[in-house]
Amino acid sequence: FATVSERAMEIDVDSSVCGLEAGDQIDLMQLLYGLMMCSGNDAANAIAEQVSGSIEAFVALMNQEALALGATNSHFMNPHGLPDEQHYTTVYDLYLIFQAAMESGTFRQLISTVDYTAQYTNGQGEPVTKEWKNSNRYLQGEEEVPEGITIVGGKTGTTNAAGHCLVLSSETGSDEPYISIVMRAENRDNLYTQMTELLQKAAAGS
């Protein structure tokens with residue numbers, strides 16, 4: 001179990017969080033669910049500290065891993081993706097990083113989970129229960145999936161600077177894996193309209 005630090009809570013008050021508080025005792029797997037399902041920036045910081053001992057050490061590891069994957073047009077300044085002038089990536093680099101992540105069964109499990117109940121204890125030793133829902137509209141049944149396509153899962157991301165973004169894993173009728181990426185959509189509706197168009201092309205080409 002990790003103890004969530006005061007430092008991990010140092011994030012923009014209006015950014016997306018999964019509701020952690022300093023002193024919470026929570027294991028790494030639950031932190032990963034909070035990160036992936038809620039885009040929990042608080043969880044991202046807590047994971048960084050648990051894995052590498054500090055946020056700075058984890059960011060260095062992120063940059064090292066990106067270079068190892070060939071994502072040479074990316075540079076990370078924090079573990080959660082909130083804007084920084086020196087924090088950037090490209091569509092192709094996201095593809096490389098996501099493709100590598102898809103080799104992990106745990107990652108596939110995380111991105112395909114629709115609902116998750118987290119149970120941990122707070123700083124006073126009291127039990128805490130959180131209900132987290134995946135922000136992926138396809139998995140929630142809020143967006144129609146094109147015929148011939150099966151959604152595996154993905155990751156949404158939204159900031160004022162980056163717009164509405166989605167990296168998505170799906171499979172065609174012939175079980176052909178397909179990674180599609182939309183970045184800088186003006187709003188969430190446009191994001192899914194554009195992604196559906198990509199998925200329709202994938203279905204047509206299968």
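- A 4.5 Å side-chain heavy-atom check between Lys130 and Cys18 finds every atom pair outside the cut-off.
- With hydrogens and angles disregarded, no donor-acceptor distance shorter than 3.5 Å links the side chain of His164 to the backbone of Thr158.
- Within the 4.5 Å cutoff, the side chain of Glu171 has no heavy atoms near those of the Glu176 side chain.
- Side chain of Asn134 to backbone of Thr113: a donor-acceptor contact under 3.5 angstrom is found.
- Enclosure of atom CD in Glu21 is not indicated, since only 12 or fewer non-hydrogen atoms of other residues, nucleotides or ligands lie within 6.0 angstrom.
- With 3.5 Å as the limit, one finds no donor-acceptor pair spanning the side chains of Glu144 and Thr196.
- In this structure, Thr3 and Asp24 have side chains that are not in contact, with every pair of non-hydrogen atoms separated by 4.5 Å or more.
- Proximity of Leu199 to Tyr138: side-chain heavy atoms (C-beta onward) are separated by under 4.5 Å at one or more points.
- Counting only distance, with no hydrogens or angles, the side chain of Asp93 and the backbone of Ser74 share a donor-acceptor pair below 3.5 Å.
- Aromatic pair Tyr88/Phe76: centroids not less than 6.0 angstrom apart.
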**OP:** Test side-chain contact (heavy atoms from CB on, under 4.5 Å) on Met183 and Leu94 and set out the steps.
**Re:** CA-CA 10 Å; Met183 298 174 69; Leu94 283 179; 3.8 Å; yes
**OP:** Could you walk me through whether Ser180 and Lys201 pass side-chain hydrogen bond (donor to acceptor under 3.5 Å, both in side chains), step by step?
**Re:** CA-CA 11 Å; Ser180 47; Lys201 291 179 180 178; over 6 Å; no
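- A donor-acceptor pair under 3.5 Å is formed between the side chain of His87 and the backbone N or O of Met77.
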Original post:
Is there a side-chain hydrogen bond (donor to acceptor under 3.5 Å, both in side chains) between Glu197 and Tyr192 once you walk through the steps?
Top reply: CA-CA 8 Å; Glu197 290 173 355; Tyr192 284 92; over 6 Å; no
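- Proximity of Val114 to Lys133: side-chain heavy atoms (C-beta onward) are nowhere separated by under 4.5 Å.
- Here the two rings, on Phe107 and Phe98, have centers that are under 6.0 Å apart.
- Listed for the Asn41 side chain is a donor-acceptor partner under 3.5 Å among the backbone atoms of Ser16.
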Subject >> Full working for side-chain contact (heavy atoms from CB on, under 4.5 Å) between Val128 and Glu126 >> reply: CA-CA 7 Å; Val128 177; Glu126 301 164 337; 5.8 Å; no
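- Looking at Gln25, its side chain never comes within 3.5 Å of a backbone N or O of Gly125 through a donor-acceptor pair.
- Between Asn78 and Asn45, the closest side-chain pair of non-hydrogen atoms is not below 4.5 Å.
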Original post:
Going through the checks in order, is the side-chain contact (heavy atoms from CB on, under 4.5 Å) test met by Ser52 and Leu61?
Top reply: CA-CA 8 Å; Ser52 297; Leu61 190 63; 4.0 Å; yes
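- When side chains are defined from C-beta on, Asp189 counts as touching Arg137, because their heavy atoms get closer than 4.5 Å.
- Salt-bridge annotation for Arg7 and Glu56: present, with a side-chain N of the basic residue lying under 4.0 Å from a carboxylate O of the acidic one.
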Subject >> Audit row: Met29, Thr106, side-chain contact (heavy atoms from CB on, under 4.5 Å) steps and yes/no >> reply: CA-CA 9 Å; Met29 195 65 194; Thr106 299; 3.5 Å; yes
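- Met102 has its side chain within reach of Ile111: a pair of non-hydrogen atoms, C-beta onward, lies under 4.5 Å apart.
- Between the OG1 atom of Thr72 and the OH atom of Tyr92 there is a distance of 9.0 Å, given to the nearest 0.5 Å.
- Counting only distance, with no hydrogens or angles, the side chain of Asp42 and the backbone of Gly19 share a donor-acceptor pair below 3.5 Å.
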